[in-house]
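So the structure is just underneath, and the comments pick up after that.
In the text below, chain A, chain B and the rest are named by the order of the sequence lines, each starting its count at 1.
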Amino acid sequence: MVGMLQTAYDGGNAADSLHHAVIGHRSAPLGSWNLPRDRCLSCELIGCFPGSLFPRREVIAGCCRHVWDMLSNGCRLRLALRPCCTLPPGWRLLTVTTLPVQSRKPAVRPWWEEKNYEDGVKWKFLEHRGPYFAPGYEPLPDDVRFLYDGEPMKLSLEAEEVATFYGKMLDHEYTTKEIFQKNFFTDWKTQMSKEEKKTIKQLYKCDFSEIHKYFYDKNEARKALPKEEKQKLKEETNKIQEEYGYCTLDGHREKIGNFKIEPPGLFRGRGDHPKMGMLKLRIRPEDVIINCSKDAKIPEPPPGHKWKEVRFDNAVTWLASWTENIQGSIKYIMLNPSSKLKGEKDWQKYETARRLKSVVTQIRSQYRLDWKSREMKKRQRAVALYFIDKLALRAGNEKEEGETADTVGCCSLRVEHIQLYPEMDGQHYVVEFDFLGKDSIRYYNKVPVEKEVFKNLKRFMENKNPDDDLFDRLNTSNLNKHLQDLMDGLTAKVFRTYNASITLQDQLKALTNEEDNVAAKILSYNRANRAVALLCNHQRALPKTFEKSMQNLQAKIDAKELQVKEAKKELKKAKADHKAKNLDRTKKEMEKKKKQRERLEEQLMKLKLQATDKEENKQVALGTSKLNYLDPRITVAWCKKYGVPIEKIYNKTQREKFAWAIDMTNEDFEF
DNA sequence: ACGATGACTTGTGGAAATACGG
DNA sequence: CCGTATTTCCACAAGTCATCGT
């Protein structure tokens with residue numbers, strides 16, 4: 001794979017530039033060479049401090065754009081200087097060509113190492129303060145009572161704490177569910193003293209209402225606090241954020257994503273979760289593993305406590321971890337998406353998706369052939385891949401029964417999840433999908449498919465029960481193995497990323513109108529975004545206040561229309577007045593009215609666009625695709641091309657997360 | 001081959017912050 | 001300035017996928 005990257009570069013010292021590209025205060029030799037595995041080339045090239053992957057624009061104008069493309073490990077590069085007619089005199093073009101990658105994969109990628117850079121600056125180094133623990137349990141005041149069978153009962157501290165978890169949730173739907181109640185009660189009993197266990201036999205005889213009221217009032221009181229008090233509380237959280245919320249990586253201060261340990265509580269599984277209501281235990285320092293550099297200052301555990309373990313594993317990216325007691329899975333403390341480490345991975349993800357673009361036609365014709373394969377396994381794989389590609393379905397790992405809610409993805413689809421219709425609404429070979437996907441979100445879709453697919457599905461379903469696997473010879477593991485053979489780094493989820501991003505790009509091309517004003521362009525963007533969200537099934541329930549707020553908006557539009565009418569009338573009057581008197585004053589008046597009319601009309605237009613957008617968006621959630629599936633460079637390029645300020649599309653957090661893309665993309669970026 | 005485990009990404013709901021209209 | 005609507009942020013659950021031991 002050879003990519004051509006170009007950077008404008010002021011040749012500076014002519015003699016030097018024959019052999020070296022001197023940028024900033026460092027130089028790189030011309031010619032071909034390997035990119036060192038553990039060094040960040042971009043820094044040397046542009047002369048910002050070691051380890052920074054977000055080179056500052058001001059270091060040297062115009063040269064930051066492509067450095068990201070040079071960063072893959074083991075990548076081979078060629079640097080050369082050429083004159084270029086589009087540059088000012090004296091400038092040369094620094095061309096950077098990526099040559100075919102030699103070793104495909106480095107064994108284990110170290111995220112940091114103990115190293116001193118030439119000038120004594122420490123980098124590749126991880127140091128942090130450790131996690132922030134949830135505050136301990138504060139017993140209820142004596143006047144807040146728990147009643148059993150109508151009788152007040154003072155609970156032991158342990159039992160009381162768990163009771164408050166339930167009491168707090170009393171107005172939540174969860175507490176009406178039988179499984180939730182059952183799980184809660186079972187786990188609550190484990191925290192009770194012998195006597196309590198003897199007394200408390202039935203959940204329905206428990207009265208948590210005073211506890212509920214206590215916490216409700218407490219919450220209200222907090223909301224009603226005077227301004228200064230609120231400010232004080234805020235400052236305290238800021239202090240905690242300052243102390244625990246950042247770490248040092250590669251000599252840079254990086255924001256941590258979730259530096260707080262999850263507090264104890266009742267497990268809130270989604271959908272029909274068999275474990276909902278179970279007690280999520282309090283995590284102590286003795287449960288926590290710390291990960292940092294060997295020569296970093298090891299974080300202090302809270303007084304009187306010890307860490308479970310301190311390790312120095314630079315092949316992983318987490319800072320701390322613990323095992324959670326509901327599913328027995330590990331929870332991690334990791335960096336914020338704005339960090340260099342996460343940003344680089346994000347960028348890699350989209351680069352993989354872009355590589356798929358160049359082979360996807362080939363892959364598609366391959367799976368079409370495989371529909372006719374003699375091997376059943378191959379056929380199933382080919383049909384599943386077709387769904388993953390066409391419908392952007394998730395891979396669908398198998399799940400342990402009874403441990404989680406019953407949800408499926410592509411490979412785990414069961415016979416009961418699809419219906420075949422040889423003909424429906426004038427279309428042939430329609431497949432109706434109806435199943436619960438991730439987070440128990442329903443996927444419902446009627447899709448006309450190719451005849452071969454239809455025939456295959458029919459065969460896969462023969463002699464099977466509704467709860468049998470549709471693709472009985474297939475799982476995600478062997479599907480992904482196959483995909484890996486088709487393209488390095490290809491897995492099922494890459495199709496989702498690829499199809500989402502390419503859809504955005506195509507839709508933007510189709511929908512954007514150069515002459516439109518900014519508001520209309522944003523509507524076009526949202527429409528393109530919406531097409532992706534629809535593809536990925538990112539639905540949302542109709543917001544509760546939707547009807548009301550829609551009415552409000554309509555009322556505003558009506559009012560504005562009236563204003564416009566009024567303004568028009570006034571303008572007419574002013575015009576007539578000016579015609580009659582022809583004075584400076586009347587002229588000014590007329591122009592003022594004219595401006596006013598224009599302003600109002602623009603406002604009206606904006607409101608109308610807003611209404612359209614809102615209406616079309618009522619059942620669709622745009623956030624997930626924007627954050628996880630759409631290559632931000634497409635958006636940045638679009639914004640630049642059509643003069644839409646990036647702030648109109650990405651809010652502050654999003655701009656931080658996509659800093660890498662904002663920095664390196666120009667308007668002709670193609671996904 | 002296969003199941004368990006570990007690490008990491010993706011997804012939703014609700015709280016907190018902010019914008020907005022009166 | 002206040003109360004409400006909307007947006008943003010955060011917590012944490014639920015996926016994907018690679019690797020490892022048997």
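Spacing between atom CG of A/Leu281 and atom P of C/dC12 amounts to 14 Å, rounded to whole angstrom units. For the pair A/Asp631 CG and B/dT9 P, the interatomic distance rounds to 16 Å; values are reported in whole Å. Between the NZ atom of A/Lys626 and the P atom of B/dG11 there is a distance of 16 Å, rounded to whole Å. B/dA1 atom P lies 11 Å from atom CG of A/Asn475, rounded to whole Å. Atom CG in A/Leu622 sits about 11 Å away from atom P in C/dT7, given to the nearest Å.
Residue A/Glu220 qualifies as enclosed at atom CD: its count of foreign heavy atoms under 6.0 Å is above 12. Heavy atoms from other residues, nucleotides or ligands lying under 6.0 Å from NZ of A/Lys648 number 12 at most. For A/Asn445, the CG atom counts as densely surrounded, since its 6.0 Å shell holds more than 12 non-hydrogen atoms of other residues, nucleotides or ligands.
For A/His273, the ring pair (Phe, Tyr, Trp, His ring centres under 6.0 Å) criterion is met by A/Phe267, not counting sequence neighbours. Residues forming a salt bridge (Lys or Arg N to Asp or Glu O under 4.0 Å) with A/Glu309 (at least two apart in sequence, or on another chain): A/Arg311. Evaluation of the ring pair (Phe, Tyr, Trp, His ring centres under 6.0 Å) rule for A/Tyr174 yields A/His172, A/Phe180 as partners, not counting sequence neighbours.
Using a distance-only test at 3.5 Å, with no hydrogens or angles considered, a donor-acceptor pair links the side chain of A/Lys275 to the main chain of A/Ile326. The closest donor-acceptor contact from the side chain of A/Lys626 to the backbone of A/Ile649 lies under 3.5 Å.
For B/dG11, one of the phosphate oxygens OP1 or OP2 lies less than 4.0 angstrom from a side-chain nitrogen or oxygen of A/Tyr629. Contact check, A/Asn258 against C/dA11: no side-chain N or O comes under 4.0 Å of OP1 or OP2. Between A/His538 and the phosphate of B/dT10, there is no side-chain N or O to OP1/OP2 separation shorter than 4.0 Å. A close approach under 4.0 Å does not occur between any side-chain nitrogen or oxygen of A/Lys230 and OP1 or OP2 of B/dA16. One finds a side-chain N or O of A/Lys342 lying less than 4.0 angstrom from the OP1 or OP2 phosphate oxygen of B/dT9. In terms of phosphate contacts, A/Ser477 brings no side-chain nitrogen or oxygen within less than 4.0 Å of OP1 or OP2 of B/dC2.
Counting only heavy atoms from C-beta on, A/Lys234 has its side chain closest to B/dA17 among B/dG6, B/dA17, B/dT9. Nearest nucleotide to the A/Pro263 side chain, out of C/dC12, B/dA7, C/dA11: C/dC12.
For the residue pair A/Glu254 and A/Lys340, the shortest heavy atom distance occurs at OE2-N, 3.2 Å. Taking all atoms of both residues into account, the shortest heavy-atom contact from A/Ile211 to A/Gly167 is CG2-CA, 4.2 Å.
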Sub-3.5 Å pairs of nitrogen or oxygen atoms, protein against nucleotides 13-17 of chain C:
from	atom 1	to	atom 2	distance (Å)
C/dA13	OP1	A/Lys280	NZ	3.1
C/dA13	OP2	A/Lys331	NZ	2.5
C/dA13	O4'	A/Arg270	NH2	3.4
C/dA14	OP1	A/Arg270	N	2.7
C/dA14	OP1	A/His273	ND1	3.3
C/dG15	OP1	A/Thr407	OG1	2.9
C/dG15	OP1	A/Asp439	N	3.2
C/dG15	OP2	A/Lys399	NZ	2.8
C/dT16	OP1	A/Ala395	N	3.3
C/dT16	OP1	A/Gly396	N	2.7
C/dT16	OP2	A/Asn397	N	3.0
C/dT16	OP2	A/Asn397	ND2	3.1
C/dC17	OP1	A/Thr491	OG1	2.8
C/dC17	OP1	A/Ala492	N	3.2
C/dC17	OP1	A/Lys493	N	2.6
C/dC17	OP2	A/Asn480	ND2	3.2
C/dC17	O5'	A/Asn480	ND2	3.4

With the criterion being N/O to N/O and under 3.5 Å, what pairs connect the protein with nucleotides 20-22 of chain B, and how long is each?
from	atom 1	to	atom 2	distance (Å)
B/dG21	OP1	A/Lys556	NZ	3.0

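A salt bridge does not link A/Lys331 to A/Glu324: none of the charged side-chain nitrogens sits closer than 4.0 Å to a carboxylate oxygen. Salt-bridge formation is detected for the pair A/Glu351/A/Arg354: a Lys NZ or Arg NE/NH1/NH2 atom is positioned less than 4.0 Å from an Asp or Glu carboxylate oxygen.
For the segment residues 379-390 of chain A, the set of residues with a heavy atom within less than 4.0 Å of an atom of DNA chain C is empty.
Residue order along DNA chain C, read from the 5' end via each residue's closest nucleotide, puts A/Asn651 first among A/Asn651 and A/Lys481. For the pair A/Arg222 and A/Thr317, nearest-nucleotide mapping onto DNA chain B gives the more 5' position to A/Thr317. Both A/Glu400 and A/Lys223 sit near DNA chain B, but only A/Glu400 has its closest nucleotide nearer the 5' end.
Contacts of A/Pro337 with the nucleic acid, taken as non-hydrogen atoms under 4.0 Å apart, are absent. Using a 4.0 Å heavy-atom cutoff across all strands shown, A/Ile441 reaches sugar-phosphate atoms only and no base atom.
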